[in-house]
Amino acid sequence: MSDLQTALAEAGVAAVVDGDILAAHSVDHARLVAPGKAAALVRARSTEEVSAVLRVAGERGAPVVPQGARTGLAGSATAVDGAILLDVSPMDSILSLDPVDRIAVCQPGVRNAEISRAAAEHGLRYAPDPGSWETSTIGGNIATAAGGMCCVKYGVTAEYVLGLEVVMASGEVMRCGRRTAKGVAGYDLVRLFCGSEGTLGVITEATVKLSPIPADRLSLAAVFDTTAAAGRAVTAIMASGAQPSLLELIDGVHLRALEDMRPMGLPTDAAALLLVAADTDPAAELIAIERLCESSGASEVFRATDATEADALLESRRAAYHAMERLGTVLVDDVAVPRSRLAEALDGVAAAAERHGVVIGVIAHAGDGNLHPNIVVHPEDEASVAAGRAAFDEILEMTLAMGGTITGEHGVGMLKRDWLAREVDPVNLAVQRRVKEALDPLGILNPGKVLAG
Ligand SMILES: Cc1cc2nc3c(=O)[nH]c(=O)nc-3n(C[C@H](O)[C@H](O)[C@H](O)COP(=O)(O)OP(=O)(O)OC[C@H]3O[C@@H](n4cnc5c(N)ncnc54)[C@H](O)[C@@H]3O)c2cc1C
């Protein structure tokens, strides 16, 4: 038994130290972020165990890396040297669900889609729906402030979190927020933990807001010969006052990768496909949106004839990242630009791909101006990795010049920590450091993530 394992056992916590198991748990989906060498893995089953782990870590000055499902794309759940990997995914119960208060109280390891499945019998759902909804956890969603497909109309994770139980770096357990529809007592600590990437505390319970399942939903797919025309259509739709419940873009690189993976008749010679859904007065909304797509240059527009066809289209959007993984290792950018500049940003990504000689496909939560340029590299070829990283940086630089942000929803993690100082001003950065020092004076919580050393 290692010293650390003994100390954890004395605190009542079982830890795994097997090298192969640790290595398997040391990475998330940011494939180019090199992990450190973890010391132990704890699969926590209760708030008390999480608290015990943090007390032991504090005594020994050991770093703790909280982990959910490790579907993160920014290297924020990646191991650092000497870390205790604190996997909270076994805490996966929905503790209560109240259709009158319209809330669900969940342990952190509950998978996103499970909440909506449980709420469906009351005609309710948990709205934020990241592409990873079947696998990612609510704790990870809150810690990354995740976005998703329907967020263009219904908003992102932070808007749906009412209350939290958090184990602080000291091991103390804090409750913050509320279960009421309104409440403004004290500083908004719930919001502070949204997007904190495991660097300020470990979320052990979350009270989330549920909302009615929209009665009806219709979808269309519009085909474009240039990505810029698709970008213009998005701008026109948003400028028209329409409120699509989904507005996603899949570019030609992804369409071809998807069709290679699973033929379903996607238009592989198109430059981009826009997927649009509406759920208020869907028939009328889609007629207006169809016209806007056509006047922006769509070569074809297809209406999904029924819910099954609409779901198949959406499934292709959800599978797009995995289709790209078949082409090589994917370095995922996650920039958000003002919607009005989407077409320009898409052109900029294409120019970066050409300049650096790399394959970049783009999928986008287009209605939010949130682009995922997926850059394909081949790790065995150093030149390919260098070119991919150069394109990645160029896209970040372009985004900041447009008044955008380096991360729309995946977080900073290790992947973009050197870029944070380029987006926020020095006073902002100093305040962020002071918050971190106040809540985690020993610097044991997920060190090296978000804030550069
Ligand atoms: C195919 C695919 C599609 C995706 N689509 C989207 C998308 O549409 N929108 C989007 O926003 N993201 C998307 N992602 C990224 C990812 O799924 C999200 O970032 C998700 O929120 C991570 O959840 P997780 O449970 O996997 O967390 P992890 O990856 O395990 O952890 C992410 C971060 O949260 C911290 N953390 C995890 N649990 C806790 C906890 N209980 N307390 C404190 N900190 C914690 C970790 O330390 C880390 O910093 C996608 C990823 C994939 C692979």
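As the structure lists them, so they are numbered: ligands from 1, and atoms in each ligand from 1. These numbers come from the heavy atoms of this one structure, side chains and all, not from hydrogens, waters or symmetry mates.
With ligand atoms numbered from 1 in the order given, ligand 1 contributes 41 (N) to contacts under 4.0 Å with heavy atoms of Pro108. Residue contact check: Ala146 has heavy atoms under 4.0 Å from atoms 11 (O), 21 (O) of ligand 1. Atoms of ligand 1 found under 4.0 Å from any heavy atom of Glu197 (numbered from 1 in listed order, with element): 47 (O), 49 (O). When each atom of ligand 1 is checked for a heavy atom of Ser136 under 4.0 Å away, the hits are 17 (O), 20 (C), 23 (O), 25 (O). Near His365, the atoms of ligand 1 lying under 4.0 angstrom from a non-hydrogen atom of the residue are 8 (O). In the vicinity of Gly68, heavy-atom distances shorter than 4.0 Å reach the ligand 1 atoms 25 (O), 28 (P), 30 (O), 37 (C), 38 (N). The distance from ligand 1 to the heavy atoms of Asn446 drops below 4.0 Å at these ligand atoms: 47 (O), 49 (O).
When heavy-atom distances to ligand 1 are checked against a 4.0 Å cut-off, Ser76 comes that close through both its backbone and its side chain. Of the heavy atoms in Met149, none comes closer than 4.0 Å to ligand 1. Of the heavy atoms in His322, only side-chain atoms (C-beta onward) come closer than 4.0 Å to ligand 1. Neither the backbone nor the side chain of Ile142 has a heavy atom within less than 4.0 Å of ligand 1. The proximity of Val88 to ligand 1, defined as any non-hydrogen pair under 4.0 Å, is limited to the side chain.
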- [ ] Mind running side chain to side chain contact (heavy atoms under 4.5 Å, CB included) on Glu325 and Met261 for me, showing each step along the way?
- [x] CA-CA 10 Å; Glu325 280 190 309; Met261 183 171 77; over 6 Å; no

Open item on the list: Run Val253 and Ile360 through side chain to side chain contact (heavy atoms under 4.5 Å, CB included) and show every step you take.
Closed with: CA-CA 8 Å; Val253 178; Ile360 307 182; over 6 Å; no

Task: side chain to side chain contact (heavy atoms under 4.5 Å, CB included) between Leu97 and Leu210, worked out - done: CA-CA 9 Å; Leu97 198 153; Leu210 305 173; 3.9 Å; yes

Open item on the list: If you apply the rule side-chain hydrogen bond (donor to acceptor under 3.5 Å, both in side chains), what do you find for Asp279 with Tyr154, and how did you get there?
Closed with: CA-CA 11 Å; Asp279 63 9; Tyr154 293 99; 2.7 Å; yes

TODO: May I have the step-by-step check of side-chain hydrogen bond (donor to acceptor under 3.5 Å, both in side chains) for Asp334 and Thr407, ending in yes or no?
DONE: CA-CA 5 Å; Asp334 165 44; Thr407 174; 2.6 Å; yes

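Among protein heavy atoms, atom 42 (N) of ligand 1 sits closest to Ile203 N, 2.9 Å. Looking from atom 5 (N) of ligand 1 to the surrounding protein, the closest heavy atom is Gly131 N, 3.2 Å. Given atom 28 (P) of ligand 1, the protein heavy atom at minimum distance is Arg70 N, 3.6 Å. If you check which protein heavy atom lies closest to atom 4 (C) of ligand 1, you get Ser132 N, 3.7 Å. Nearest protein heavy-atom neighbour of atom 27 (O) of ligand 1: Gly140 CA, 3.5 Å. Atom 31 (O) of ligand 1 has its closest protein heavy atom at Ala77 CB, 3.7 Å. Nearest protein neighbour of atom 51 (C) of ligand 1, counting heavy atoms only, is Thr71 O, 3.3 Å. Of the protein's non-hydrogen atoms, Thr144 CG2, 3.6 Å is the one closest to atom 32 (C) of ligand 1.
In terms of N/O distances under 3.5 Å, ligand 1 is not approached by Asp129. No N or O atom of Val202 sits closer than 3.5 Å to an N or O atom of ligand 1. Remark: ligand 1 and Thr137 share an N or O pair separated by less than 3.5 Å (distance only, no angle test). In terms of N/O distances under 3.5 Å, ligand 1 is not approached by Gln67. On a distance-only criterion, Ala143 and ligand 1 share no N/O pair closer than 3.5 Å. Of the N or O atoms in Val65, none lie within a sub-3.5 Å distance of an N or O in ligand 1.
Of all heavy-atom pairs between Val80 and Pro63, the closest is CG2-CB, 3.8 Å. The shortest heavy-atom contact between Ser89 and Arg111 is CB-NH2, 4.0 Å. When all heavy atoms are compared, the tightest approach of Val223 to Ala270 is CG1-CB, 3.4 Å.
A donor-acceptor pair is defined here as one N or O able to donate and one able to accept, closer than 3.5 Å; no such pair exists between the side chain of Asp216 and the backbone of Pro282. Judged purely by atom type and a 3.5 angstrom limit, Ser51 uses its side chain to pair as donor or acceptor with the backbone of Gly171. Proximity of a side-chain donor or acceptor of Gln67 to a complementary backbone N or O of His25 within less than 3.5 Å is detected. The backbone N or O of Ala113 lies less than 3.5 Å from no partner atom in the side chain of Ser116, so there is not a single donor-acceptor pair. Of the possible donor and acceptor atoms, none in the side chain of Glu423 sits under 3.5 Å from a partner among the backbone N and O of Leu420. In this structure a side-chain-to-backbone donor-acceptor pair under 3.5 Å is missing from Glu248 to Leu274. Listed for the Glu205 side chain is no donor-acceptor partner under 3.5 Å among the backbone atoms of Cys106.
Under the 30°/60° scheme for interplanar angles, the aromatic rings of His372 and His410 are found to lie parallel.
A salt bridge links Glu134 with Arg117: the closest approach of a Lys/Arg side-chain nitrogen to an acidic carboxylate oxygen falls below 4.0 angstrom.
Heavy atoms of Arg318 come nearer than 4.0 angstrom to ligand 1 in no pair at all. Within the structure, the closest approach of His410 to ligand 1 falls below 4.0 Å when heavy atoms are considered. Contact annotation: Gly201 has at least one heavy atom less than 4.0 Å from an atom of ligand 1.
By heavy-atom distance, the residue among Gly72, Gly198, Pro66 lying nearest atom 46 (C) of ligand 1 is Pro66.
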